[in-house]
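Here the structure is laid out as structure tokens; the discussion comes afterwards.
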Amino acid sequence: MDADVIVVGAGPTGLMLAGELRLGGADVIVLDKLAEPTGQSRGLGFTARAMEIFDQRGLLPRFGQGETLEISPVGHFGGVQFDFTALEGAHFGARGIPQSQTEAVLAAWAAELGADIRHGCEVLALADGFEDGDLAEVTVGTAEGVRRLRARYLVGCDGGKSTVRKLAGIGFPGTEATRAMFLADVTGLDLKPRYLGETLPNGMVMAAPLKEGVHRIIVCPHGAAARSADEQVTFEEVAKAWEHITGEDISSGGAEWVSFFSDATRQAAEYRRGRVLLAGDAAHIHLPAGGQGLSTGVQDAANLGWKLAAVVTGRAGEDLLATYHAERHLVGRRLLMNTRAQGMVFLGGDPAEPLRRILTELTGYDVVRRHLAGVVSHLDIRYDVTDGAGDGENGEDAAGAHPLLGRRLGKVPLTGPGGESDTFRLLHAGRGVLLDLAGDRAVREAAAGWAGRVDVVTATASAADRGAVFAGAGAVLVRPDGHVAWTGTGADDGLGAALARWFGAPAGD
Ligand SMILES: Cc1cc2nc3c(=O)[nH]c(=O)nc-3n(C[C@H](O)[C@H](O)[C@H](O)COP(=O)(O)OP(=O)(O)OC[C@H]3O[C@@H](n4cnc5c(N)ncnc54)[C@H](O)[C@@H]3O)c2cc1C
């Protein structure tokens, strides 16, 4: 065995996963076919929930702007703008952070934790036996020749055209690209910012300053035929499309980078087959509406990492791993739905005008703003942590379920014997947290068999947070990914069963 887990792809998903696996004590090798990172950035930010995920691991200061990144309260759904802060904790995300920077932050973190990140290593083949055997073996092309590597699990984080997905024979059903859209990092131009996009009769455009002297532009002309991956796009073509939509001539400028993308929408039929798992774009592709792709990949990784680490280190059984597909496939399905819906409104041209108007009217209602902000910020995600007690559609409430159950626990200030802390700081180590808010010794003692897997913390929250956030719960069990697995008023409220379900059998069992 060369490692417990081989991660294919050193994009944001693979690097986040590598860090999470190391926090959980798994040996990990990351393989990427590129000799070095490209430095290019499709994404320029991440959603509120992805930002919280980084905060849960103490990574935000590494983005160079202190604890608080610049966030945009106003966002959009399909180009219809509204204030996301209608929902507590929501915003349109951290913006102006090039994907290359996110990757560099995650690569440094994963490497510090001991991940073995190897560039210039292309996965070419997957040996039979991964479906029902006890390992996965890949053939890897390197500058020194072809190598074989074996691990207990292989995770394809190798992007939308995923080789791993194809080699594992996992279907990728969905809809074909219907149009081409362009991006360019343009120089030598003084462009009017159109941060959230502008819909005009001939298409949609966006523009935002990227760095000194460089603007990112997105150009989505109506009627631009979809193109295959091996086709090229030139700055002249992009400038022409820009002029067609805006009437502005930008041909005097230049471009540092020009590329194109599409509205192809697909999702892997299975996120796991035998010893192979998929995460990030390898598992789902969609229109980049609202900047959700990288953010979803990072959350896939945060969901999978601790579970896979617990399985390969023998702390938990395979049934824990099964919850990865159950939880994240559903999230992916909703992601595809929301980005397709946004595409219809944003890019639908004149025929979509009535839809835009109705949506604009609807966003006048607080309940609509809260709902849509939850969808795009990913703060609405609710896992069904109660063994099917919810209805399966984004973990809707089981009758009488505590409102926190399955949801992420937001950042709440806490006071404990160790001083001031908060709910995110408690998750830095990537272990589960049993938060004892009522000073209940029986609760703390019930978790003794999970020492080293679950940190037991006695703390108090403000009266306001105890009511509004914790809704009267005396104790809360938080998974390493920040989602609430159990709430109760005492140890005999099913705490032992919840600990065993999410963290394996207690020591000595
Ligand atoms: C215009 C545009 C704007 C976007 N803006 C945002 C945004 O603001 N916010 C956001 O969250 N998302 C955004 N996205 C989406 C985001 O860019 C992707 O979702 C993200 O890159 C997915 O990350 P990943 O790690 O899953 O895959 P990738 O970033 O595609 O990484 C895959 C890696 O796998 C490697 N690889 C591939 N095949 C092999 C192989 N056979 N062997 C070894 N290595 C291999 C590749 O070299 C690559 O490094 C945007 C996308 C586009 C097109």
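This is a predicted model, so every value here is computed, not measured. All ligand and atom numbering here is 1-based and tracks the order in the structure.
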Below the 3.5 angstrom mark, is there an N/O of Ile218, backbone or side chain, next to an N/O of ligand 1? no
Purely on distance, is any nitrogen or oxygen of Gly291 under 3.5 Å from one on ligand 1? yes
Do Glu52 and Gln56 pair up side chain to side chain, a donor and an acceptor below 3.5 Å, judged on atom types alone? no
For ligand 1, which is the ligand I care about here, please tell me if Gly280 has any N or O atom under 3.5 Å from one of the ligand's N or O atoms. no
Leu44 versus ligand 1: do any nitrogen or oxygen atoms come within less than 3.5 Å of each other? yes
Out of Leu287, Thr13, Val164, Val7, who is nearest to atom 25 (O) of ligand 1 when you count heavy atoms only? Thr13
Between Leu335 and His284, is there a side-chain heavy-atom distance shorter than 4.5 Å? yes
Can you name the residues that form a salt bridge (charged side-chain N to carboxylate O under 4.0 Å, His left out) with Glu212, not counting sequence neighbours? none
For atom 35 (C) of ligand 1, what's the nearest protein heavy atom and its distance? Asp32 OD2, 3.2 Å
Ligand 1 contact on Arg95 by region, counting heavy-atom pairs under 4.0 Å: side chain
Side chain, backbone, both or neither: which part of Cys121 has a heavy atom under 4.0 Å from ligand 1? backbone
For ligand 1, which is the ligand I care about here, please tell me if Ser295 has any N or O atom under 3.5 Å from one of the ligand's N or O atoms. yes
Using only heavy-atom distances, determine whether the side chains of Asn338 and Gln342 contain a donor-acceptor pair under 3.5 Å. yes
Please write down residue, atom name and distance for the protein heavy atom closest to atom 12 (N) of ligand 1. Leu294 N, 3.0 Å
When you measure from the heavy atoms of Lys161 to every atom of ligand 1, does any distance fall below 4.0 Å? no
Flag Phe46 as yes when one of its N or O atoms lies below 3.5 Å from any N or O atom of ligand 1, and as no otherwise. no
Ligand 1 versus Asp281, non-hydrogen atoms closer than 4.0 Å: side chain, backbone, both, neither? both
Quick one: does Trp109's side chain get under 4.5 Å of Met16's, heavy atoms only? yes
Going by heavy atoms, is Gly297 under 4.0 Å from ligand 1? no
Return the closest protein heavy atom for atom 31 (O) of ligand 1 as residue, atom name and distance. Gly11 CA, 3.6 Å
I'd like to know if the side chain of Gln292 pairs up with that of Ser295 as donor and acceptor (distance under 3.5 Å, no hydrogens or angles considered). no
Heavy-atom nearest neighbour in the protein, as seen from atom 9 (N) of ligand 1, with distance rounded to 0.1 Å: Gly45 O, 2.9 Å
If you scan protein heavy atoms around atom 1 (C) of ligand 1, the nearest is Leu183 CD2, 3.4 Å
